[in-house]
Amino acid sequence: MRMPLSWLAEYTDLAPGVRGADVAASLVRVGLEEEDLHGGDITGPLVVGRVLSFELEPQKNGKTIRWCTVDVGRNGQMLAEGKHQEIVCGAHNFEVGDLVVCVLPGAVLPGGFEIAARKTYGHVSNGMICAEDEIGLGHDHEGIIVLSRLLGEEKAATLQPGDDAIALLGLGEETVETNVTPDRGYCFSVRGLAREYWHAQGSPEGGYRDPADVATPRHGAGGYAVELKDDSPIDGNEGCDRYVARIVRGIDPTRPSPAWMGKRLTQMGMRPISLAVDVTNYVMLAVGQPLHAFDVDTLSGSIVVRRARAGETLTTLDDVERTLSPEDLLITDGGEQALAIAGVMGGASSEVSDTTTDVLIEAAHFDPTTVARSSRRHRLITEASKRFERGVDPRVTAAAAQLAVDLLVEHGGGTVDDAVTDVDRTTDRTAYLLDVTEPARIVGVDYPRERVVGILRDLGCVVEESGEGTDETHVLVTPPSWRPDLVDAPDYAEEVARIDGYNNIPSITPTPSDGRGLTHGQKARRVVADALAGAGLTEVLSYPFVSEELADQLMLAADDDRRHAVRLANPLSEERPLLRTSILASLVDTLRRNVARGRKDVAIYELGLVFRPGGAVGTAPVPGVATRPDAETLEELYAAVPAQPRRAGMLATGQAEQAGWWGPGRAADWSDMVAAVQTVAAALAVPVVVANDPGHAPWHPGRCARISLADGTLVGHAGELHPKVVAALDLPARTVAAEFDVDVLVVASAEPVQARPFSTFPPAMTDIALLVASDVAAADVEAALRSGAGDWLESVVLFDVYEGERIESDHRSLAYRLTFRAPDRTLTTDEVNGFRDAAVASATSATGAVQR
Amino acid sequence: MSGPNTNYDPVEVSALDPANVDAAVQDAISAITAASSLDDLKAARIAHQGEKSPLALANREIGALPPSAKAEAGKRVGQARGRVGQALAARQAELEAERDERILVDERVDVTVPALRREPGSRHPIDLVAQRLVDAFVGMGWEVAEGPELESEWLNFDALNLGPDHPARQMQDTFFLDPVDSGLVLRTQTSPVQIRTMLEKEPPIYVVAPGKVFRTDDLDATHTPVFHQIECLAIDKGLTMAHLRGALDAFVRIMFGEETRTRVRANYFPFTEPSMETDFLCFACHGEETWGSAEPCRTCGGSGWIELGGSGMVNRKVLRTCGIDPDVYSGFAFGLGIERALQLRHGVQGMHDIVEGDVRFSQQFGMGV
Ligand SMILES: [Zn+2]
């Protein structure tokens, strides 16, 4: 909401020399955030000029320019040469003798546009004759400003060439723009903002002049017939509880809006249109009441306010035919023809036109919910709907109509009908019994009773200190009609705090007494993140939005759970409407981006949630909010939210170890990924088992490790990506990847580690070489060795793997070092040999291994 | 050595002559001193201390002397041999020290050649900033609460006093799930975690909730559709806005230093009543107003203050929705965007680097900030 300082000054006292920034700062103090400052951004010379003569000069491009000589008074920069100012002008809407607005070299126009003498159309133009839009006055660029038309003959007659046009047109004036929060609908008016400014000055006696404080006639017979017929109110609130209709007849449709009004509308960011429309807008900006002007000649019956019928349509002012909903509230002609969507937008048929002489001014009070829903349904956010959905003062209705009527009569020359329609079904607000110590309890500042009462009275509340329930700590408070947001003690506490000053609130550090620190899961997740970074991977973040093609690109099987993805109804990009079901699904983008930026060696990871609805998404209940939902509903609510397991994904390409003075580098391979998962598991002291997994997308079927807990619970997969996946996703060849379920590791690490005793006697080591078929997994051989080796086996290390000419084809030789240690003595060679033989026998029977 | 000399030839006893003994010692010491290497010294040892050395020979002569002469000769030769032995030991130590010194010189390498064969990994600073704030609050006795990113509309909006017709609900650009009547959204704020906490836990509640949130904004210098918030919620008996301010002050000091000052003003948030907006003194310009000057402060834009984020006393309606009696308990909540905190604290320009996953960004921060 904007507010020029001169308008503010009409309703409050402004100290001399107050600047826009000061006003903005005052408003910030009472909780109205500054949005912007406008105006004050033209620096002279911008002056009144009289066109002395011009020559028409046709140009090659078909245009005809006017080569003008303009008297710009004492500002004439060519006076030294004995000439008046010579200016090229493309417009044709002026005559010799007209007073115009000239900007001269040295001036700066809005947007930092610097004016200099410049050569154009074969002349040196010493400035410019201005159109409205060029000086931030309006949006008009049809022609240049002719001051007798803009300001009227009378005013123009008082002007001299050379007069300062910045002051004349109010262009030096600053306009403050504030951000109005949804609870302060009344601040969508200069009336409301001025009131807040006055509060920020300490609400000095007599310092606020309410523009709505005008005498209004009562409802009487003979006024235009209005019927309020809402047969299906929303939440029991009637769609319209007040409707004022006033008629002004005999307006001269050719009369323009007065210049000052056009100027103000322009300053407010609105476009002047016609007197009738401008008046409704002006009054709305002044007092916050949206008004609508109907052309009386287009109306045939009484005005009936009712809900729309199914299938009913209305072509609104923006020339869009809209199909109405039975929830839309309509203004209708005789109950039939729809004229407007109440509080949102009028219809084209009853619009005032350039021939309208008789105007019906509607000032009504509509239900916020009704307007909000219609506005949303039709995607129509208008100046009216913004105000109604935030709450319009139901007591300003008649005054707003009166102000509009007065302006129409004054500037349009019409006469107002004596008979007035004011259907008023509004009810008085009931008083709230306020405990005056409550603001202190909520805010933490010890406000005395007089302070609380004083502030509330300044705000416009009626505070009764006697009456039902009042005592030394209780008063009856009735909020002003423009403050529907003031309902209970916290609302009043906020008002007291903000007017007294939020900065009077002290700072007391709260002292919770029973914090238990991070949960195991929270700690474990940090361990995972740190372990992966410690293993040389870099943590990144990726957006979880993925394409529909991705599941195929990842070669997910038809029945893979990861194909059940959640779909967004309004994705940012239609290309990526789904939410990821794995981390890798979005992490591949990040890898590709790093590679595209010229990086060859990349090892990245991300920890985050994935979305696994496991099927169609259900429907979450929407319980009421008056009380806590029952246990069953809450259960249903939680259950409707799809599963979102926390997972970690990793990708690597390029060198895992760099080449250097030590020798060649080492490319990242499948084993780096397996090792990273093992590193994480070890960091959480969780034993894991690795197995070959030939069938898990998106991995290479021969280079994929399934990693599980000792009990078989799946942790994740690691290895090299399938070459087709690599190709489909345009990743570097041999990209390696891992993904695992963090939650599984968190649960597995939850129990405290139980320490095993260890022996201090010397270890005994023995090496064996086993010949096994190539398709036997090393992990299986190791498991068999372990199971056969007896209780004193301390470790099994596979220290060499050989495949080649020296052994049978399709076989491998696995060389293991077994270390044994007894808890109570040094083992003898015979004992160790016995354990070794038992281990080998176990491996032989389990895997067909033969000792070499 | 000193066995009876059967082949004793009295003519030869000159070996025991004091002058000759001294000469032998002098010869030995000269040779020892002259030894420039451990090998030279070894040769000198053999020549002057070995079995065939003059002093060894002299020693052997002693046995042949008459008993009256033995003592004196023995003492003379013994002292002589002692001097030679000491000289040898001293020179040995010197030469060994020189050798050790030389080995260290010989083994010198240029340690400035690259040592890292593998690039170190790093954490993403968004997590690190959140961790820093979380740790400080946990240190003050708060706990950490979390919730899903895909959330029910009721928890994300309705329960937070953002009913279907609330104007503020329209201000948040929400990602809705398909079908839209599923009642599910990508959470637009971390506040549903507060509702879940209040529904599940009896007061007193002191929780901090960091997490990812989503809005339908395109990525630009100041917006990203996926970003992070951290919110604090306290519900207890007797909490006031003064406690809120205290918690906010703690928050700001953790992020921007002990000296950071705050100012507060009224604002509106549906979740809270009364509500409060907090600004803190710009750490770059220390609050100097540079509006409209040639070079306004780039951190605060020239106002001297930086907006921290919204806060307030938890709306009574919200407490009731969560089954908490507002006549017994009161509470406050506040939150801020972690991206913004990261940008301010670490001078990150724009949003792109934070979200694009270029490893060079994370790598600047190591494992902790
Ligand atoms: Zn600054």
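Please read all numbers here as calculations on a predicted model, not as lab measurements. Note on naming: letters A, B, ... go to the chains in the order of the sequence lines (proteins, then strands), and numbering restarts at 1 for each one.
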How about [X] and [Y]: does a side-chain donor come under 3.5 Å of a side-chain acceptor?
| X | Y | value |
| --- | --- | --- |
| B:Glu119 | A:Gln658 | no |
| A:Tyr543 | B:Thr224 | yes |
| B:Tyr268 | A:Glu33 | no |

One thing to verify: whether [Y] and [X] come together as a salt bridge, which I'm taking to mean a side-chain N less than 4.0 angstrom from a carboxylate O.
| X | Y | result |
| --- | --- | --- |
| B:Arg123 | A:Glu539 | yes |
| A:Arg597 | B:Asp358 | yes |
| A:Glu438 | B:Arg316 | yes |
| A:Arg526 | B:Asp135 | yes |

Examine distances only and state if a side-chain atom of B:Glu149 and a backbone atom of A:Leu609 form a donor-acceptor pair shorter than 3.5 Å. no
Please give me the minimum heavy-atom distance between [X] and [Y], naming the atom from each residue.
| X | Y | answer |
| --- | --- | --- |
| B:Pro274 | A:Pro490 | CG-O, 3.6 Å |
| A:Asp514 | B:Glu143 | O-OE2, 3.7 Å |
| A:Ile505 | B:Met276 | CD1-SD, 4.5 Å |
| A:Gly618 | B:Ser182 | O-CB, 3.4 Å |
| A:Pro510 | B:Ala247 | CD-N, 3.8 Å |
| B:Leu199 | A:Pro629 | CD2-CD, 4.4 Å |

[X], part contacting chain B, at a heavy-atom distance under 4.5 Å:
| X | value |
| --- | --- |
| A:Asp488 | side chain |
| A:Glu606 | side chain |
| A:Val566 | side chain |
| A:Ala535 | backbone |
| A:Arg592 | neither |
| A:Phe545 | side chain |
| A:Ala533 | both |
| A:Ala656 | backbone |
| A:Pro577 | neither |
| A:Val445 | neither |
| A:Asp491 | both |
| A:Leu532 | neither |
| A:Gln522 | side chain |
| A:Val602 | side chain |

Counting heavy-atom pairs under 4.5 Å with chain B, which one of [options] comes out on top?
| options | result |
| --- | --- |
| A:Arg599, A:Glu495, A:Arg29, A:Arg184 | A:Arg599 |
| A:Thr511, A:Thr181, A:Asn570 | A:Asn570 |
| A:Gly660, A:Ser375, A:Ala529, A:Ala626 | A:Ala529 |
| A:Thr590, A:Leu634, A:Thr627 | A:Thr627 |
| A:Val641, A:Thr509, A:Leu32 | A:Val641 |
| A:Ala620, A:Pro621, A:Ala659, A:Pro571 | A:Ala620 |

Return the [atom1] to [atom2] distance between [X] and [Y], rounded to the nearest 0.5 Å.
| X | Y | atom1 | atom2 | value |
| --- | --- | --- | --- | --- |
| A:Tyr605 | B:Ser122 | OH | OG | 7.5 Å |
| A:Arg525 | B:Asp127 | CZ | CG | 10.0 Å |
| A:Leu537 | B:Arg118 | CG | CZ | 8.0 Å |

Among B:Val180, B:Val113, B:Val138, who wins on heavy-atom pairs under 4.5 Å with chain A?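 Winner by heavy-atom pair count: B:Val113.
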Answer yes or no: is there a side-chain heavy-atom contact under 4.5 Å between [X] and [Y]?
| X | Y | answer |
| --- | --- | --- |
| B:Asp178 | A:Leu568 | no |
| A:Ser507 | B:Thr262 | no |
| A:Tyr638 | B:Glu200 | yes |
| A:Asn503 | B:Arg245 | yes |
| A:Tyr502 | B:Glu277 | no |
| A:Val622 | B:Asp158 | yes |
| A:Ile442 | B:Thr240 | no |
| B:His228 | A:Leu541 | yes |

Test side chain to side chain contact (heavy atoms under 4.5 Å, CB included) applied to A:Arg628 and B:Thr321, step by step: CA-CA 5 Å; A:Arg628 180 190 160 94; B:Thr321 306; over 6 Å; no
Against the six-membered ring of A:Trp661, is B:Arg117 placed for a cation-pi contact (under 6.0 Å from the centre, within 45° of the normal)?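 The answer is yes, since B:Arg117 meets both limits relative to A:Trp661.
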When the ring planes of B:Phe214 and A:Phe611 are compared, do they come out parallel, tilted or perpendicular, using 30° and 60° as the limits? perpendicular
Taking it one step at a time, do B:Leu184 and A:Thr619 satisfy side chain to side chain contact (heavy atoms under 4.5 Å, CB included)? CA-CA 8 Å; B:Leu184 296 168; A:Thr619 300; over 6 Å; no
A:Glu494 and B:Ser275: side chain to side chain contact (heavy atoms under 4.5 Å, CB included), yes or no, with the steps? CA-CA 7 Å; A:Glu494 177 172 277; B:Ser275 299; 3.9 Å; yes
